[in-house]
2 protein chains.
Amino acid sequence: MQTRSEETRANILQAALTLFARLGYEAASVEDICAEAGVSKGAFYHHFPTKQAVFLQLLHDWLDGLDAQFAQARQGAENAAQIFMRMTAAVPGIFRDADQRLPMFLEFWAQASRDEAVWQTTIAPYRRYRDYFASLIEQGVAEGVFRPVEPQAAARLIVALAVGMLLQGLLDPQEDDWQAITTESLKIMMNGLAAQKE
Amino acid sequence: MQTRSEETRANILQAALTLFARLGYEAASVEDICAEAGVSKGAFYHHFPTKQAVFLQLLHDWLDGLDAQFAQARQGAENAAQIFMRMTAAVPGIFRDADQRLPMFLEFWAQASRDEAVWQTTIAPYRRYRDYFASLIEQGVAEGVFRPVEPQAAARLIVALAVGMLLQGLLDPQEDDWQAITTESLKIMMNGLAAQKE
DNA sequence: TGTAAGATACCGACCGGTCGGTATGAATTG
DNA sequence: CAATTCATACCGACCGGTCGGTATCTTACA
């Protein structure tokens, strides 16, 4: 069977995800990961050349998942304002499996700020989303559904909202219903963008 | 003189700040820090009981600095909306020495999510600021300068904006003028909060 | 004021232990 | 049986922290 190998690989990735999130990249040792995965060190280094390769694979998978969710939000709806409100629908999906992926998200960010390879992997999709938001806003301004705001700033504001909510949810998980708060916050922000009613 | 001791201590803190930011908490070894500070390992452990104690001290100092800047923003101005706009004035101060403190900010957050001592130190001021914002907004709503928004959500929105901007500035430092963008974003968000003009 | 006594600040070699990664051979698979 | 997949034993580097000892400064007393 070919599945044994793939299963081992998947176990390693899952274990790494868990331990990177729980302990951080440095503190989670290869041995820890192997133990968690129920796999030997030999198996680990058979499937991945380095510890960092595992990390990069997890980052890659995560970004792919994000892409899929955004693509879903994009479907239907021509209006720029509508697309944003649809993204609210993506919020539950992002927060759902939060326990594991939220700490990893922070770990990704921390590594990106000092590791060239991680940075390269992170920065491209970040800019893509950001610029996509900016063009959406530009379009919305042209359509008259948005006030004449600076698209650059507004796009970064949206990203800041997303990132900031994720981080607060990570720091203080049980305190709030972060889905509801994010949705409400999006509404407030959209008020700031939306053209005045006459 | 007593100053020699204090100078050594200050050197260690400065070196630790630099290296924690550049390499991360785990990767920055005590020896590295000592080398950077021009100090022996003995001196290090004379002034601090553990590596983590240095980290906590840096965190403490940073939070104190933030407190001071917020207190300054609070001065004058009774109106809730005015206080927020004054906080724009604090933005340059936060971004100014960014090279060193921004990566550390992320390091603080990452550690806080898994280290109990760091979490305790972080969560209290976080909640303080957040709740202060919420009460400001509540007041603003009562005064009629803000729309009837949910104060809880709005406060978290503001924190998210701050945190999200800091993180973007960290990830993509040279790309943008983050001061200007943060200011402009604040303006957009205040539009979302401000009561409709009649 | 000169000096002895003691406290404080600092040095750097060293320790037990852990790390990421490798070498090599056994088991499983097709 | 050939190749892939995994297990075990191991390596050298490095880590946080300790410790015995030295230098420097403060204090007290003659």
Side-chain angles (χ1 to χ4, degrees), chain A residues 1-59 104 107-108 110-111 114-118 121, chain B residues 1-59 104 107-108 110-111 114-118 121:
Chain A
M1 265 189 278
Q2 201 183 7
T3 31
R4 187 171 71 119
S5 174
E6 286 171 12
E7 201 170 301
T8 298
R9 189 186 156 90
N11 284 343
I12 292 170
L13 285 172
Q14 174 58 46
L17 181 64
T18 302
L19 292 184
F20 283 157
R22 188 187 306 156
L23 310 172
Y25 176 76
E26 308 275 352
S29 76
V30 174
E31 277 199 4
D32 291 342
I33 295 170
C34 290
E36 174 87 13
V39 146
S40 76
K41 224 169 170 183
F44 183 97
Y45 281 101
H46 174 75
H47 286 282
F48 299 95
T50 63
K51 183 185 176 183
Q52 174 173 293
V54 177
F55 185 84
L56 283 172
Q57 185 64 53
L58 288 172
L59 175 56
M104 267 309 281
E107 196 62 33
F108 287 149
Q111 293 292 324
R114 38 184 158 260
D115 185 300
E116 181 63 22
V118 178
T121 308
Chain B
M1 263 188 280
Q2 204 182 6
T3 32
R4 187 171 68 118
S5 174
E6 286 171 12
E7 199 172 310
T8 299
R9 191 188 155 89
N11 284 343
I12 291 170
L13 285 171
Q14 174 60 46
L17 181 65
T18 303
L19 292 184
F20 284 156
R22 188 188 305 155
L23 308 172
Y25 176 76
E26 307 276 352
S29 76
V30 174
E31 278 201 2
D32 289 343
I33 295 170
C34 290
E36 174 86 13
V39 146
S40 77
K41 222 169 173 182
F44 182 98
Y45 281 101
H46 174 74
H47 286 282
F48 300 94
T50 62
K51 183 184 175 183
Q52 174 174 289
V54 178
F55 185 85
L56 283 172
Q57 184 64 53
L58 288 172
L59 176 56
M104 268 307 282
E107 195 62 33
F108 288 147
Q111 293 292 324
R114 39 184 157 260
D115 185 299
E116 181 62 22
V118 178
T121 308

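Convention: sequence-line order gives letters A, B, ...; per-chain numbering from 1. Below, each value reflects all heavy atoms present in this structure, side chains not excepted, and no hydrogens, waters or symmetry copies. Predicted model only: the values in this text are computed from it and were never measured.
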Task: Test side-chain contact (heavy atoms from CB on, under 4.5 Å) applied to B/Phe44 - qualifying residues, sequence neighbours left out - done: B/Ile12, B/Val30, B/Ile33, B/Cys34, B/Val54

TODO: Measure from CZ on A/Phe48 to C1' on D/dC6 and round the result to the nearest Å.
DONE: 14 Å

Task: Nearest-Å distance for atom pair CD/P, residues B/Glu6 and C/dC10 - done: 11 Å

- [ ] Mind running side-chain contact (heavy atoms from CB on, under 4.5 Å) on B/Gln57 and B/Arg9 for me, showing each step along the way?
- [x] CA-CA 11 Å; B/Gln57 184 64 53; B/Arg9 191 188 155 89; 3.5 Å; yes

Task: A/His46 NE2 to D/dT5 P, straight-line distance once rounded to whole Å - done: 4 Å

Task: ring pair (Phe, Tyr, Trp, His ring centres under 6.0 Å) partners of A/Phe108, counting only residues at least two apart - done: A/Phe55, A/Trp62

TODO: Provide the full list of side chain to side chain donor-acceptor pair (under 3.5 Å) pairs with a residue in residues 28-39 of chain A, sequence neighbours left out, each pair given once.
DONE: A/Ser29-A/Asp32

TODO: Can you measure from CD (A/Glu116) to OG1 (A/Thr121) and round to the nearest 0.5 angstrom?
DONE: 9.5 Å

Task: Where protein sits on nucleotides 11-19 of chain D, one letter per nucleotide: B base, S sugar-phosphate only, - none, heavy atoms under 4.0 Å - done: ----SBBB-

- [ ] Return the value, rounded to whole Å, for the distance between atom CD1 of A/Ile12 and atom C1' of D/dT5.
- [x] 11 Å

With a 3.5 Å cut-off and sequence neighbours excluded, list the donor-acceptor pairs that the side chains of residues 16-27 of chain B form with protein atoms.
residue	atom	partner	partner atom	Å
B/Thr18	OG1	B/Gln14	O	3.0
B/Thr18	OG1	B/Gln14	NE2	3.3
B/Thr18	OG1	B/Gln100	NE2	3.2
B/Tyr25	OH	B/Gln52	N	3.3

